[in-house]
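All remarks here apply to the structure that follows.
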Amino acid sequence: MSKNQLPDPNRDFPAWYIEVVKRAGMAEHSLAKGTMVAKPYGYGMWERVQRALDDRFKLTGHENLYFPLFFPESLLSKEAEHVEGFSPELAIITHGGGVELEEPLVVRPTSEALIWSTYANWIQSYRDLPLLYNQWGNVVRWELRTRLFLRTSEFLWQEGHTAHATAEEAHREALQMLEVYKEVAEEVLAIPVIAGRKSESEKFAGAATTFTIEGLMRDGRALQCGTSHFLGQNFAKAYDVTFLGSDGERRHVWGTSWGASWRLIGGVVMTHGDERGLRIPPKIAPVQVVIIPIYRSDEERSAVLEVAHKIRDSLTGQGLRVRVDDRDHHRPGFKFSEWELKGVPVRIEIGPKDVAAHQVVLVRRAGGAKEQVATSAAVDGMAGELERAQQDLYDDALEYRNAHTHTASTYDELRDGITATGGLWVGPWCGRGTCEERVTADTKATIRTLPLTPEDPGAPCAVCGQKGAETATWARAY
RNA sequence: CGGGGCGUAGCGCAGCUUGGUUAGCGCGCCUGCUUUGGGAGCAGGAGGCCGGCGGUUCGAAUCCGCCCGCCCCGACCA
């Protein structure tokens, strides 16, 4: 059989993940602990995700800007909960230019502190509102345990920061951007996600309410794929951001912030990958169609390549991303395996027999046998083929999630269920931290989502039995 | 920070216990020939401050000390 088998994802998912990411050429570890080199194949996916998000940010009225990587340490300390949340993960610069700095600089773990302290100067009147800005950049969080794409000391992301005159408007903004994340996750990354609200213990340090989208990975663990925060007036008060209303009253502004990172790429790997490697959704695939020429002699080679290049050109003309793998030092079988590992949605094989018959062999990564198709039909039908591949990945992932979503009404069901099967467990929760902590202590699962808007009191709490619970979704998470 | 492990060619490793002439193996890489429809074969070749510093010794990858780095488990993860 084939060589260089990947670890079995069903037996050792973490080993499978790291091998796929490395061998597909997405990323590798770099020199400093916990840092990562994003290689072209992985960065190419990130570029597609960036574009999908950025287009939607613009359509919803936002503009990009850029704040610096460093700011004075003292700035952070103005919002008590915020500084407490971040202080363990800060990278702090104490020296520059060969001398000790008068005041240390922090490398941003997120930019709320700097941005709100700056917004204070930009906002005077209700006429300056709303402020709808976003920035693309990197942040640093000194993580103890890191994983490629999922948790690295430095990572790439975007962070949106908006300021509004009313709580209602800010709240709407936070939910609107959550919806943008959900749309990108589902329609672009083909990852079905649950949109919800975080519990008090899981929310962002400094936020009034944190919203999240959560996906379910193939090993039964949940992954937070994006968060959007309604900040209330917390940062406005900490950094004294006020405006004069049309009524002449001075008020603090209401804020939001929202972020998504290249962790999404890790989510794609863990949602769609299989024992052969990656399966990349066509919308973010750096290569959507790979053409493998097959030949023996030089004459065959030039005849086959001529057709291969023609097909490539007409597909490229449709706006598709196509690669002809004309490397002469690898045989076809090697290329088949390699492009499957790299998750290219559609492969076209062309040999001398196909050239003679004006056909190609078409192979879908998502499964199914090889199919002989007339060349013209393959070219004309490719866009539709990729749309189906995109949909198939989503449908597969949704089916998996549905099959791994369970309900529990008693504590035994919840605890034993999480421990035995993983996946998502839905059960009523009274809202008290003690009940939440008990589940986490017993199962290592956390509340991933609560309903977007608080529910009317319902069934008794699965943990303590007290009435007035709302529906919580539990899972072990990354 | 606590517990455990590891630093030898691009990658993965052996050698170290019991010091000894030129430090090996697999993969990868380079050249040539034969191959090419599911991970090619043969032949030749290149590539090493053996993590660093110091010590013991006629002689150190190997023994001793110190240092540095990385990995795994735990604590942590807004």
Side-chain angles (χ1 to χ4, degrees), chain A residues 1-6 12 14-15 18-19 22-23 28-35 76 79-90 108-113 139-147 150-153 155 159 198-212 223-224 227-229 231 234-235 257 259 261 263 276-277 291-301 304-305 325-342 347-357 359-363 369-370 372 440 444 446 476-478:
Chain A
M1 268 293 284
S2 53
K3 294 181 195 169
N4 297 320
Q5 285 280 357
L6 288 168
D12 191 348
I18 203 164
E19 277 294 303
K22 283 182 176 174
R23 281 167 55 176
E28 63 187 38
H29 291 287
S30 188
L31 296 177
K33 182 176 179 171
T35 61
L76 208 53
E79 216 289 340
E81 199 185 334
H82 192 59
V83 64
E84 192 182 327
F86 277 108
S87 56
E89 325 181 36
L90 287 180
R108 64 179 169 215
T110 181
S111 300
E112 273 80 2
V139 286
V140 170
R141 299 176 186 182
W142 216 256
E143 301 288 355
L144 298 173
R145 293 199 65 178
T146 58
R147 294 167 62 93
L150 299 175
R151 175 169 287 115
T152 44
S153 294
F155 59 89
E159 45 180 323
K198 285 296 189 188
S199 67
E200 193 63 24
S201 70
E202 295 281 323
K203 82 174 169 60
F204 173 66
T209 312
T210 289
F211 301 105
T212 179
L223 181 73
Q224 179 173 300
T227 52
S228 180
H229 314 289
L231 300 175
N234 294 349
F235 285 90
S257 66
S261 75
R263 162 180 267 207
R276 289 182 169 193
I291 302 174
I292 313 286
I294 294 156
Y295 49 81
R296 295 164 193 270
S297 62
D298 281 350
E299 298 80 67
E300 284 182 353
R301 179 173 194 273
V304 165
L305 279 179
D325 188 351
D326 59 359
R327 290 176 298 175
D328 216 11
H329 55 284
H330 285 303
R331 292 164 57 182
F334 178 91
K335 296 176 183 176
F336 298 162
S337 303
E338 183 170 83
W339 289 108
E340 281 167 3
L341 171 69
K342 289 168 88 77
R347 177 172 83 235
I348 290 175
E349 305 173 9
I350 311 174
K353 296 176 219 164
D354 301 311
V355 172
Q359 66 176 28
V360 298
V361 172
L362 191 141
V363 188
K370 298 190 180 190
Q372 296 184 333
T440 301
K444 295 193 174 177
T446 49
R476 290 176 180 155
Y478 278 94

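Just so you know, these numbers use all the heavy atoms, side chains as well, and skip hydrogens, waters and symmetry mates. The sequence lines fix the lettering, A, B, ..., with proteins before strands; numbering per chain opens at 1.
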What pairs with Glu89(A) under side-chain contact (heavy atoms from CB on, under 4.5 Å), at least two apart in sequence or on another chain?
Arg141(A), Glu143(A)
Step through the shown structure and confirm whether more than 12 heavy atoms of other residues, nucleotides or ligands are within 6.0 Å of NZ on Lys33(A).
no
side-chain contact (heavy atoms from CB on, under 4.5 Å) filter on Glu200(A), not counting sequence neighbours, yields Lys203(A)
Measure CH2/Trp142(A) against P/C1(B) and give the value in whole Å, please.
14 Å
Whole angstrom is fine here: how far is it from CZ in Arg147(A) over to C1' in C76(B)?
16 Å
Could you please name the option among C71(B), G39(B), A75(B) that lies closest to any side-chain atom of Arg23(A)?
G39(B)
Please give, in whole Å, the distance from A40(B) P to Arg327(A) CZ?
12 Å
Check the distance between A75(B)'s P and Glu143(A)'s CD and give it to me in whole angstrom.
15 Å
Within a strict 4.5 Å, meaning less than it, do heavy atoms of the Arg296(A) and Pro352(A) side chains meet?
no
Give Glu338(A) one of three labels, base, sugar-phosphate or nothing, depending on what nucleic acid heavy atoms sit under 4.0 Å from its own.
base
U56(B) to A9(B) separation - P atoms, rounded to the nearest Å
29 Å
Please confirm whether the backbone N or O of Lys198(A) pairs with a side-chain atom of Thr210(A), one donor and one acceptor, at under 3.5 Å?
no
Could you tell me the separation between the OH atom of Tyr478(A) and the CZ atom of Arg263(A), rounded to the nearest 0.5 Å?
10.0 Å
Readout for nucleotides 30-38 of chain B: B = base within 4.0 Å of protein heavy atom, S = sugar-phosphate only, - = neither; 5' to 3' it is -----BBBB
C11(B) C1' sits how many Å from His29(A) NE2, rounded?
14 Å
If I pick the P atom on U18(B) and the same atom on U22(B), what distance separates them, to the nearest angstrom?
24 Å
Tell me the interatomic distance from Leu341(A), atom CG, to G39(B), atom C1', rounded to whole angstroms.
11 Å
In Watson-Crick or G-U wobble terms, both distances under 3.5 Å, what is the partner of G69(B)?
C6(B)
Scanning all shown strands, the Watson-Crick or wobble mate of G37(B) with both distances under 3.5 Å is none
Taking the nucleotide of RNA chain B with the closest heavy atom to each, which residue, Glu202(A) or Lys33(A), is nearer the 5' end?
Lys33(A)
Strictly by Watson-Crick or wobble contacts shorter than 3.5 Å, is anything paired with C1(B), and which nucleotide is it?
G74(B)
Excluding sequence neighbours, so at least two apart, what forms ring-ring contact (aromatic ring centres under 6.0 Å, His included) with His330(A)?
Phe334(A)
Could you tell me the Watson-Crick or G-U partner of C42(B), where both distances fall under 3.5 Å? Say none if there is no partner.
G32(B)
Span that lies between the P atom of C6(B) and that of A60(B), in whole angstrom
25 Å
Between A23(B) and G39(B), how far apart are the two P atoms, rounded to whole Å?
39 Å
Starting at CD1 of Ile18(A) and ending at P of G12(B), how long is that distance when rounded to a whole Å?
12 Å
Identity of whatever pairs with A61(B) - Watson-Crick or G-U, under 3.5 angstrom
none
Starting from P on G39(B), measure out to CG on Leu6(A) and report it in whole angstrom.
16 Å
Distance, C1' atom - from C67(B) to C25(B), rounded to whole angstrom
32 Å
May I ask which nucleotide in the shown strands pairs with A14(B), Watson-Crick or G-U wobble, both distances under 3.5 Å?
none
List for me each residue that meets ring-ring contact (aromatic ring centres under 6.0 Å, His included) alongside Phe155(A), sequence neighbours excluded, and say none if there are none.
Trp157(A)
Glu19(A): partners by side-chain contact (heavy atoms from CB on, under 4.5 Å), with sequence neighbours left out
Leu6(A), Pro7(A), Arg23(A)
Give me the distance, rounded to whole Å, that separates G10(B) from U57(B) when you measure between the P atoms they each carry.
35 Å
Between U31(B) and C71(B), how far is it from one P atom to the other, in whole Å?
35 Å
Euclidean distance for P, C63(B) against A46(B) (whole angstrom):
31 Å
